[in-house]
Structures are given as C-alpha cells and as structure tokens.
Visitor: 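The structure that follows is given in the form of structure tokens.
Throughout, numbering of the chain's residues begins at 1 and tracks the sequence.
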Amino acid sequence: MASYSSSLTAAQARQLALKAQNLWSRPALKKPSKDIHALTRHLGAVQLDTISVLARSHELVAFARLGAMPKADVEAGYWHRPGTEATHFEYWSHAACILPIESWPLFEFRRAAYRARGWRWHEVDQKVVQKVKKLLRDNGPMTTSDLGGGRKDAYWWNWSDVKVGVEYLLDVGEVAVTSRDKWRRVYDLAERVIPDDLRAPQDQESAHRELLQRSLGTLGFGTKNDILDIHRLKPTNSLTKTAWQQLLDAEDVVEVHVQGSDEIHYALATHLEALDRSRPQRNVMLSPFDSLVWYRPRLERLFGMEYRIEAYTPNAQRRYGYFAMPVLVGDKLVARVDPGRNGKAFVAKTVTFESAQPTDSDVTGVFEAMVEATTWVGSTSIEIGDVVPAKAGKLLRQLAKGFAVK
C-alpha cells in the first residue's frame, strides 16, 4: 500500500492542486508553441467545447496558465499544419479533448474497446467505412464537408453515413485528428500523422498504470474518484483495477489525509516535498470546462464552490449566467463572472461573489482578472452589470470607470 503521510491543511491542499494545474504563479511565456505542448503534457488533457464566448474553452485554458498570448499562437501550438510534425491529437478522454501526441499509446484500451464493440450509437456501414478510408488515402487530410457533408438534414444529430463512418474510424484509431480548420475536424489516416513508434503494439496494463500516474500528477493529490475522473476511467474495468493497485504499491505514492475531509487522498512524494511558504500570485477567470473545475465534488471539497454550468439551463432558471466563469483570486475561488462583449467593451453581465461580504481584496482581485481577459480579447473598456451582493458593485464600477479612462 501507499505509505502514510501526516495530514494536509486546507491551504496546503489548495497549494498542491494549484501548483499541479500551473495556476499558482504568474505566467512566464517563452515560446508559444513549445509552451502549449508542455502545458498539455502537464495537464494530460485539454477539453474541447463548441461554446465560444470570450474564446473557446481550450484557448481559455491556455490563457489562464500562459497569459495573454495571441489566439493565433494558441491555435498554432495545439494544431499541426502541413509540413510540420503533429504535437497533439484529439480523442475521447475526460470528454472530447486535445491530448499530447505522446499519449497516443495510453488510449489503446479505449480504441480496442470500440473495435471489439464494432459500432457507435449509430450503425456503421462497413462499405462506407472503406469508402472514407479510400478518400483519405487518395486525397490526404479532409473535413466532413470534403467527404460529402456531415448531416442528412438540418438537424445536427442526424449524421450522414460518411460522418458516422469517419467518426467510427476515429474511435478505433485508423483515423486521427491532429488539426482543425475553422473549428471543423480535419481527418487523416493515423499512419500518416501518428509516429510509427507510438502506433507500435503496447502493453495495455503498463499504459493504464502510466495513465493513472500522470493523472495523479495532474491533480497534485486526489481521491480514487478524483484520479479516475481525469480520463473517465471505469473502476470496474479489469485494467483499471490492476493499474490502481500498482499505483498504490508504487514507492513514490503517498497516502494523505486532508483537513476537513474523511476521504483517503493520494499524492506523489515529490509534490509533497515541494510544499512551501510561497504565496499564490494568479488572479484569473477560468473556463467552465477547465480541468480545475472538472470534477465537481473535488471543487467543493477544495474551494467550497458548488458549480454547475448553466449554458444548458433555460434562461429564466439561471442564477449565475450562461457561461459564468469561476474567478481564481490567489488560492480561492471568490466569484463567478458571466462575460460578454458589447462592441469594444468587455461586459461582466453578472458578477456573483461567493461570500455575502466580499473583501475589497476579493473585489480588486476579480477586477484584475477581468482586466487581463479584457486586454487579451482586444476590448478597451469594461462594463459592469448586475453584482451580487450589490454593495460590491460600487467598487467594481469605480475600478471599471478608471480603466475605461486610460
């Protein structure tokens, strides 16, 4: 079993989590494309989502950790272009995610499961599958539009036969997505874009163990459910069961107890050794799909925030807003900001503080996070809408007015 360590205070637990997520210190941008690749290797996965408010979620994840680099640099860091080697691929992890190319072998268990099943939630016409493979082989990288169109009619869920076929090939690993063109997946044969050594037969048991080890590193510390949730691993899966026991038996895995929680947590010894008296320096707005926010039970345990995205909730039933973004100030989540834009203005449509009596430091920290986001998206002023509690709005509006004058 994992060795035992003394309890962590709540503050130490937050430090571990934020350091592991690259959200403890201010960004120190060096080379955008290399920084993006290093970031995805560190985080393990960056979730993709169709919603775009200030930016798409994968861009917001990079912004939170690397600072306000141009969006073109962010996209170039994620997606490969003709004549370059792929550094990432898209596949099913926590959800649809961008993954570092080195992780391709680690997901063979999932591709094998799709192959064994032989279908998705759609029936798969093998004649169409062969047609799609031939088109890609003959023509090179193609989008669904290039293949003949993604839908049978106006309804987005009514996929065409070629869309079903190419997505099945993506699931089983014969096709890979290593780039996007105006948000459209660009499909290519895996043999052309995934290096040969990564496509070579791998031992699934050791790969599964590595996936769990990396997940623990991504979290800083976590319970079993926290760790499995990173890539949505099933605890009943035989590979997961074996790999979990091997993880616990590893010399560098330590059992820890966190103040205020009765659950057993685990951490890497090197992470525990890195705990120090440094102060958190990051004030930033986080995507609802950020990996710090993914697993809601952990978010509540660590930060006391009960979070649900309301984009899929009817407008009249929303409390915090369509795309309310948690705001990290130091080592606490102190508010949610539902952002938008009005011409050249950044609009905080709703600002909701977690405390009924936020401190001036909390309000100022939230404003600093807004300023960084405002500058990044090219807005020149800040408009403040509804604020809860209302008395916090006075200081926010004073700060916003001062920013607009600059």
Visitor: Would you confirm whether the ring centroid of His257 sits within less than 6.0 angstrom of the ring centroid of His265?
Guide: no
Visitor: What closest approach, in Å, do Pro288 and Ile309 show between heavy atoms, and which atom pair accounts for it?
Guide: CB-CD1, 3.6 Å
Visitor: Taking it one step at a time, do Arg296 and Glu300 satisfy salt bridge (Lys or Arg N to Asp or Glu O under 4.0 Å)?
Guide: CA-CA 6 Å; Arg296 309 302 195 225; Glu300 287 189 47; over 6 Å; no
Visitor: Is the centre of the Trp79 ring less than 6.0 Å from the centre of the His88 ring?
Guide: no
Visitor: So does Leu135 get a backbone contact from the side chain of Asn139, meaning a donor-acceptor N/O pair under 3.5 Å?
Guide: yes
Visitor: Hey, does the Lys NZ or Arg CZ of Arg199 hover above the aromatic six-ring of Trp104, less than 6.0 Å from the centre and inside 45° of the axis?
Guide: no
Visitor: Is it the case that more than 12 heavy atoms not belonging to Gln357 sit under 6.0 Å from its CD atom?
Guide: no
Visitor: With the threshold set at 4.0 Å, does a side-chain nitrogen-carboxylate oxygen contact exist between Lys332 and Glu354?
Guide: no
Visitor: Before accepting this row, confirm whether a basic side-chain N of the pair Glu90/Arg180 lies closer than 4.0 Å to the acidic partner's carboxylate O.
Guide: yes
Visitor: Should we count CZ of Arg81 as having more than 12 external heavy atoms under 6.0 Å?
Guide: yes
Visitor: Output the distance between atom CG (Asp197) and atom CD (Gln202), rounded to the nearest 0.5 Å.
Guide: 8.5 Å
Visitor: Looking at the rings of Phe107 and His231, which for Trp means the six-membered one, are their centres under 6.0 Å apart?
Guide: yes
Visitor: Should the pair Glu75-Lys182 be classified as a salt bridge under the 4.0 Å nitrogen-to-oxygen rule?
Guide: no
Visitor: Specify the closest pair of heavy atoms between Arg341 and Val347, including all atoms of both residues, with the distance to one decimal.
Guide: C-CG2, 4.0 Å
Visitor: Between Leu272 and Leu8, what is the shortest heavy-atom contact and its length?
Guide: CD2-CD2, 4.0 Å
Visitor: If I take atom CG from residue Leu239 and atom CD from residue Glu108, how far apart are they, to the nearest 0.5 angstrom?
Guide: 11.0 Å
Visitor: Sub-3.5 Å donor-acceptor pair from the side chain of Thr218 to the main-chain atoms of Leu43, do we have one?
Guide: yes
Visitor: Checking Asn237 side chain against Thr240 main chain: does a donor-acceptor pair fall under 3.5 Å?
Guide: yes
Visitor: Could you check whether any side-chain N or O of Glu310 sits under 3.5 Å from a backbone N or O of Arg319, counting only pairs where one atom can act as donor and the other as acceptor?
Guide: yes
Visitor: I want to check something: taking the side chain as every heavy atom from C-beta on, are Leu60 and Met285 in contact at a cut-off of under 4.5 Å?
Guide: no
Visitor: Can we call the ring centroids of Trp183 and His58 under 6.0 Å apart?
Guide: yes
Visitor: Looking at Leu286 and Ala64, what are the two nearest heavy atoms and their distance?
Guide: CD2-CB, 3.9 Å
Visitor: Please check: side-chain N/O of Arg115 versus main-chain N/O of Gly173, any donor-acceptor pairing under 3.5 Å?
Guide: no
Visitor: Looking at Arg65 and Asp290, is there a salt bridge between them, counting it only when a charged N and a carboxylate O are closer than 4.0 Å?
Guide: yes
Visitor: Got Thr87 and His80 here, is their nearest side-chain heavy-atom distance under 4.5 Å?
Guide: no
Visitor: Would a distance-only check, ignoring hydrogens and angles, find a side-chain to backbone donor-acceptor pair under 3.5 Å from Asp181 to Arg184?
Guide: no
Visitor: Which is it for Tyr307 and Trp294 under the ring pair (Phe, Tyr, Trp, His ring centres under 6.0 Å) test, yes or no, and what are the steps along the way?
Guide: CA-CA 10 Å; Tyr307 184 82; Trp294 274 350; over 10 Å; no
Visitor: Distance from Lys349 atom NZ to Ile384 atom CD1, nearest 0.5 Å?
Guide: 13.5 Å
Visitor: Report yes or no: does Asp252 contribute a side-chain atom to a donor-acceptor pair with the main-chain N or O of Leu268 at less than 3.5 Å?
Guide: no
Visitor: Flag the pair Arg282 and Glu372 as a salt bridge only when some basic side-chain nitrogen lies within less than 4.0 angstrom of an acidic carboxylate oxygen.
Guide: yes
Visitor: Nearest heavy-atom pair of Val172 and Arg111: which atoms, and what distance?
Guide: O-CB, 3.8 Å
Visitor: Does Gln12 form a side-chain hydrogen bond (donor to acceptor under 3.5 Å, both in side chains) with Gln259? I'd like the steps, not just the answer.
Guide: CA-CA 9 Å; Gln12 287 174 324; Gln259 184 180 22; over 6 Å; no
Visitor: Locate the shortest heavy-atom distance separating Asp331 from Pro280; write the atom from each residue and the value.
Guide: N-CG, 3.6 Å
Visitor: In Å and rounded to the nearest 0.5 Å, what is the OG1 to OH distance from Thr40 to Tyr78?
Guide: 7.0 Å
Visitor: Are side-chain N/O atoms of Gln15 and His271 paired as donor and acceptor at under 3.5 Å?
Guide: no
Visitor: Taking the ring of Phe109 and the ring of His208, is the distance between their centroids below 6.0 Å?
Guide: yes
Visitor: Under the side chain to side chain donor-acceptor pair (under 3.5 Å) rule, collect the residues that match up with Ser57, sequence neighbours excluded.
Guide: Ser287
Visitor: Could you measure the distance from the OH atom of Tyr322 to the OG1 atom of Thr350? Nearest 0.5 Å is fine.
Guide: 14.5 Å
Visitor: Go through Asp171 and Trp92 one step at a time and tell me if the side-chain hydrogen bond (donor to acceptor under 3.5 Å, both in side chains) criterion holds.
Guide: CA-CA 8 Å; Asp171 289 344; Trp92 306 110; 2.9 Å; yes
Visitor: Say whether, by atom type as modelled, one donor and one acceptor occur between the side chain of Thr143 and the main chain of Asp146 under 3.5 angstrom.
Guide: yes
Visitor: Is any side-chain heavy atom of Val351 closer than 4.5 Å to a side-chain heavy atom of Met370?
Guide: yes
Visitor: Check whether any side-chain N or O of Arg214 sits under 3.5 Å from a backbone N or O of Gly44 as a donor-acceptor pair, and report yes or no.
Guide: no
Visitor: Using the test salt bridge (Lys or Arg N to Asp or Glu O under 4.0 Å), find all partners of Asp226 that sit at least two apart in sequence or belong to another chain.
Guide: Arg298, Arg301
Visitor: Side chains of Val366 and Val334, heavy atoms from C-beta outward: is any pair under 4.5 Å?
Guide: yes
Visitor: So, taking the atom named CG in Leu211 and the one named OG in Ser206, what distance separates them when rounded to the nearest 0.5 Å?
Guide: 11.0 Å
Visitor: Does Asn283 use its side chain to pair, donor to acceptor, with the backbone of Gly330 at less than 3.5 Å?
Guide: yes
Visitor: Are Tyr295 and Asn225 close enough that some pair of their side-chain heavy atoms sits under 4.5 Å apart?
Guide: yes
Visitor: May I ask you to decide whether Glu59 forms a salt bridge with Arg56, counting only side-chain N to carboxylate O separations under 4.0 Å?
Guide: no
Visitor: Decide if atom NZ of Lys71 counts as having more than 12 heavy atoms of other residues, nucleotides or ligands within a radius under 6.0 Å.
Guide: yes
Visitor: Does this structure show an ion pair linking Asp276 with Lys19, if we count only N-O contacts that are shorter than 4.0 Å?
Guide: yes
Visitor: Apply side-chain hydrogen bond (donor to acceptor under 3.5 Å, both in side chains) to the pair Gln21 and Ser291, showing each step before the final yes or no.
Guide: CA-CA 8 Å; Gln21 282 284 307; Ser291 49; 2.7 Å; yes
Visitor: Determine whether Thr364 and Asp362 make a side-chain contact, defined as any pair of heavy atoms from C-beta on separated by less than 4.5 Å.
Guide: no
Visitor: Closer than 4.0 angstrom, basic N to acidic O: yes or no for Glu167 and Lys163?
Guide: yes
Visitor: Hey, would you say the Trp376 and Phe346 ring centroids sit under 6.0 Å apart?
Guide: no
